[in-house]
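Structure first, then comments.
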Amino acid sequence: MEPTAHIRQVVPGVHMWQPDGDATWGLANCGLIAFGDEALIVDTPYTPGLTDAFLAAARAVAPGAAPDRLVVTHANGDHTWGSQRLPGAEIIATRATLEHQCLEPTPAQLHAAVNDTDPDDPLGWYFRRHFGRFDFSGITVLPPTTTFSGRQDLAVGGTSVELYEVGPAHTVGDLVVHLPEQRTVFAGDIVFAGDHPSHWAGPLARVAAACRRILDLDPEWIVPGHGPLLTADGLRSYLGYLDDLATQARVAHGRGMSALETAHRLIEEDRYPGLGLPERLAITLSTEFRHLDGDDTPPDLLALMEHAARIAWTRDAPPEETRQEEAARLP
Ligand SMILES: [Zn+2]
């Protein structure tokens, strides 16, 4: 069973589609910007099935507007893998996102990680727990058709839409979508609300700089890549978290600690209470430590997931019986 979702109006003409559920992977927010008979989509859900649900919700709230343009905030599958459901649409992304796409795991690899791994091993258990709800079959990953660097201006039914490249930050090719008249920003995965982020490119200073750039636009509303809608104050407190985490990393690195040891210590101290998926600290801190070490070789994504999975496993793996029941329920 794929997750359910709801659509809400942020301001007139601008909607946010948010999947239900928290403290999990892959439930990304999408945007609908519709004015007159024109509509622009911001990101697609993870799968074609979820994209059908999103587009049906979009048609219901903006029946007169045809979505023939899609902006992709970055290359992660949970923001792009539904694009085949907009056949013929212009797909707009940064040039760096186009180049980054080949580094992403494929739908087939993710399907295998969920189905062909050992459910009694931390990584197999973790993939099933967080990705087992998605149907990754029949996905064709479409590349962007229009790319840019720096800034790109669009109009949707006469309303200004500004795209700003802010990567490398969360990934190498991030962009944010700004509607100046509506004082709204779609931030992609520059901003996570409610859960710890997992940053793959980094360093944290670049993510923080992207958040400051958003705040400089003076928005009233920020749609994060994951989690509920934020105000500028909400973004400021996320920025406080990023700055603190960068400081913690620098100090721990200076003391000779590893990224993993630092993640374990911060979790033990409960330094960031209330944020879900603390195991993601292992990923973001590994990225940060690679920058502190001056290591510019590509990261081993599977090894990063394995570190996170081991932390989650020791914290909340259910007894074996329950795991077997969960595995039996998978599609
Ligand atoms: Zn995401």
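Everything numeric in this text was worked out from a predicted model, so none of it was measured. Remember, it's 1-based here, ligands and their atoms both numbered in the order they're listed.
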Option among F192, Y238, Y46 that satisfies the ring pair (Phe, Tyr, Trp, His ring centres under 6.0 Å) test with H226: F192
N, O or S atom within D78 nearest to the Zn ion (ligand 1), by name: OD2
Identity of the N, O or S atom of D189 lying closest to the Zn ion (ligand 1): OD2
2.8 Å cut-off met by an N, O or S atom of H79 to the Zn ion (ligand 1): yes
Backbone or side-chain N/O/S of H170 under 2.8 Å of the Zn ion (ligand 1): no
Ring geometry between F131 and F134 (parallel below 30°, tilted from 30 to 60°, perpendicular above 60°): tilted
Sub-6.0 Å ring centroid separation between H264 and H307: no
Ring-face cation contact, W25 with R280, 6.0 Å cut, 45° max: yes
